[in-house]
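A short worksheet on the structure shown next.
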2 protein chains.
Amino acid sequence: MKNKKTTIKEVAKKAGVSISTVSLVVNNLPYVSAEVREKVTNAIKELNFYPRRNARGLASKTSGNIGFILTENHFSQAEPFYTKIFLGTEFEARKHRYYVLLTTVAPTRTENEEIPRFLLEENVDGVIIAGKIHQSWIEEVQNRNLPLVLIDFEVSRQGVSSVLIDNAEGIHKAVDYLTKSGHREIGFIGGDIKHPSIKSRFTAYKQTLSEKGIEVRQDLISIDQTDTAIENGFVAAKKVMEISGKKPTAIIAANDAMAIGAIRFLKSSGYMVPKDVSVIGFDNVDAAEHVSPKLTTVHVPKEEMGAIAVKRLVEKIQKIDNVTMKTFVGVDLVLRDSTKVLSSKEVIPVK
Amino acid sequence: MKNKKTTIKEVAKKAGVSISTVSLVVNNLPYVSAEVREKVTNAIKELNFYPRRNARGLASKTSGNIGFILTENHFSQAEPFYTKIFLGTEFEARKHRYYVLLTTVAPTRTENEEIPRFLLEENVDGVIIAGKIHQSWIEEVQNRNLPLVLIDFEVSRQGVSSVLIDNAEGIHKAVDYLTKSGHREIGFIGGDIKHPSIKSRFTAYKQTLSEKGIEVRQDLISIDQTDTAIENGFVAAKKVMEISGKKPTAIIAANDAMAIGAIRFLKSSGYMVPKDVSVIGFDNVDAAEHVSPKLTTVHVPKEEMGAIAVKRLVEKIQKIDNVTMKTFVGVDLVLRDSTKVLSSKEVIPVK
DNA sequence: TTGAAAGCGCTAACAT
DNA sequence: ATGTTAGCGCTTTCAA
């Protein structure tokens, strides 16, 4: 019934050595003779010893935890995107023997906003922040000398590494596919346009069209939605379809949610997708596979982004590599059923 | 540049009291005069003091963490169900000032299976286990005298509380709705039939039919799939449709994934849903809203289940309430587009 | 290569 | 009501 865990002291006694020697063995440090190491190892096995995280932490000033900060709006049910990223960090962290402590903060930083408890308690060895966030939170982390990695967001600040989506590549692939399928009137709908990822998608849209010698028509663009939810896609698509002169034969949405909203509008207004209008999303969230028609979209490796961030962070924590860097993850166009080939100018591999 | 955090000692000095008095104030314990309390509070504010989790933990033998154990197969992309539950625990835990440490274990317990590190390190104050799990993991937790709450799983063991779905109620509502809509030939498809939740859904299906005086026909039932994924739903529906004599006009699936698979089969075989066959799922996962037709299903409050588990666990940890209990969460039928009214025997509210 | 000893920063008896 | 003191179980100098 007594369930006292064994301590390093007992191991030392059993092995006939000092506790500091046991500590050396436990932490796999050199300068321990093979025989002593074995004696200690055996004692550890027999007594079933495992060092307590708290004791270790107090003495070494480490926590074994990684903090993960997200703004509240990014961590709701409607936003599976960052949730996936978070789960990606969980998996990777485990491999490095860290646990992830999650917290959310308000999207706007107010006067008496609470600081994430894990920062106050010195309960994390490094921090990951995902998505657009108020600059002050970044400072809050850096002021505590904690390694920091951002995901899907960037700031120009010494020491802040980022894991980013190659948005330009994704849009390029989407536009390229559409033009090669014979589309010329290609619209774009977006929202939350100041978000770095959304902004670069929009910029890439305009640039790719230009490169292909296609005029960028303002009446095919709607980017003034404040958010990128399904409803916003509905409204934005409505605008584009109603305002535009020569109607678009294809619409690129800033993300899947908006693409789904766009499809809802199109269908509800009697347009056939993809017969009348092709739609391409971005992110490849789970729903993209379930909607009808199945959504052609740009796949973003969300879990992988979380995993990469953890790897970078651990490198910093363990001083293996402390270079400030941006990592761009590649993306791919996933062809499904929401896009139609008008006239194939080149052979298009359809899976 | 020096970033030494202030300690309780410095606060004591500044306030002109002993560190134990500061501790009393910090932990909001009684027996401190109002004036002293204020002096200390001021000193804490001025020095920006916040106790370190590690120091606190070592002295008080608490970690401030809750462990969450899931089998690997329950924590994959294909399984948004338990992920939602996990996220529910995250939210609720934060309210109680706990962090959640997540870990997965193999579905089958092997000889040298690794024990969750947070158990070995004494880094959690209590544990939540979600889904069907090998009994030995439950023992592993109990042997360490840690409070334990299960979600969507139960064992008859002193001290193990559970948060469960009212599966019988859900199926009852589904069958009831179908019969009142004029359906008599109602099939059931399932898999992983030993899972408590699946089993009770199947049992409730048979029982409800009987209660309504409808014969339980074996040729309308397929429950021998090993899993409850989309593909299994496809196969099970195929069996039921091909083997059965008088074809079913409605199929109840053990969960949404199988329902989606069933719809895929039906559509691919020329059946119209819901015109020829109505389909009802269980769980109400996100995809249910996106599939076409939108899935009528039994809504399970997943996040809430996670939250309830945390509440129960915290009660146990803090000795507020240590009763072993089962909590059943209610469920509701969500009417969407995958079910059809054949002949309304009663007024059916369709939202 | 090993051991002794001094903390790490707090909590929790126990005294007063 | 407040202070003294002894740990909690490790890591980490520093000596030997």
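Everything numeric in this text was worked out from a predicted model, so none of it was measured. In the text below, chain A, chain B and the rest are named by the order of the sequence lines, each starting its count at 1.
In this pair, B:Phe118 and A:Tyr99 present their aromatic rings tilted. The plane angle is within the 30 to 60° band.
If you check every strand for non-hydrogen atoms under 4.0 Å, A:Val26 touches nothing. Among the heavy atoms of the strands lying under 4.0 Å from A:Asn27 are primed sugar atoms or P, OP1, OP2 only; no base atom is included. Residue contacts shown for A:Ser23 include a base, since a base heavy atom lies under 4.0 Å away.
Under the 6.0 Å distance and 45° angle rule, A:Arg52 does not count as a cation-pi partner of A:Tyr50.
Comparing C:dT11, C:dT2, D:dC10 by their closest approach to the side chain of A:Arg52 singles out D:dC10. The side chain of B:Thr7 approaches C:dC10 more closely than any other nucleotide in the set D:dG9, C:dC10, C:dA4. For B:Ile19, taking side-chain heavy atoms from C-beta onward, the closest of the listed nucleotides C:dT11, D:dG9, C:dG3 is C:dT11.
Atom CD1 of B:Ile8 and atom C1' of D:dT2 are 14 Å apart (whole Å). The interatomic distance linking A:Lys13 (NZ) with D:dG9 (P) rounds to 15 Å, in whole Å. When rounded to the nearest whole Å, the span between CG of A:Leu29 and C1' of D:dT11 equals 10 Å. The CG atom of B:Leu58 sits 9 Å away from the C1' atom of C:dC8 (whole-angstrom rounding). The distance between atom CZ of B:Arg53 and atom C1' of C:dT11, rounded to the nearest whole Å, is 11 Å. Distance, B:Leu24 CG to D:dT4 C1': 13 Å, rounded to whole Å. As a whole-Å value, the separation of A:Lys9 NZ from C:dG3 C1' is 15 Å. To the nearest angstrom, C1' of C:dA12 lies 12 Å from NZ of B:Lys61.
A:Thr327 and A:Arg312 share a side-chain donor-acceptor pair at under 3.5 Å. Side chains of A:Asp125 and A:Ser63: a donor on one and an acceptor on the other come within 3.5 Å. Side-chain contact annotation: A:Arg53 with A:Thr62, donor-acceptor N/O pair under 3.5 Å present. With hydrogens and angles left out, the side-chain atoms of B:Thr89 and B:Glu92 include no donor and acceptor closer than 3.5 Å. Donor-acceptor pairing under 3.5 Å is recorded for the side chains of B:Ser161 and B:Lys316. Side-chain atoms of B:Asp152 and B:Tyr82 form a donor-acceptor pair, as typed in the model, at a separation below 3.5 Å.
Checked by distance alone, A:Ser20 brings a side-chain donor or acceptor within 3.5 Å of a matching partner on the base of C:dG3.
Overall, the helix from C:dT1-D:dA16 to C:dT16-D:dA1 carries an axis bend of 30° between its ends, with five pairs at each end and the value rounded to 10°.
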Tabulate below the donor-acceptor pairs under 3.5 Å that side-chain atoms of residues 12-29 of chain A make, not counting sequence neighbours, or state none.
| unit_1 | atom_1 | unit_2 | atom_2 | d |
| --- | --- | --- | --- | --- |
| A:Lys14 | NZ | A:Glu46 | OE1 | 3.2 |
| A:Ser18 | OG | A:Ser20 | OG | 3.0 |
| A:Ser18 | OG | A:Thr21 | N | 3.4 |
| A:Ser18 | OG | A:Thr21 | OG1 | 3.2 |
| A:Ser23 | OG | A:Asn27 | ND2 | 3.4 |
| A:Asn27 | OD1 | A:Arg56 | NH2 | 2.8 |
| A:Asn27 | ND2 | A:Ser23 | O | 2.9 |

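Taking a 6.0 Å sphere around CD of A:Glu114, one finds it holds 12 or fewer heavy atoms contributed by other residues, nucleotides or ligands.
Shown for residues 31-51 of chain A: residues whose heavy atoms fall under 4.0 angstrom of DNA chain C, namely A:Tyr31, A:Val32, A:Ser33, A:Val36.
Look at B:Ser18 and you won't find any side-chain N or O under 4.0 angstrom from OP1 or OP2 of D:dT2.
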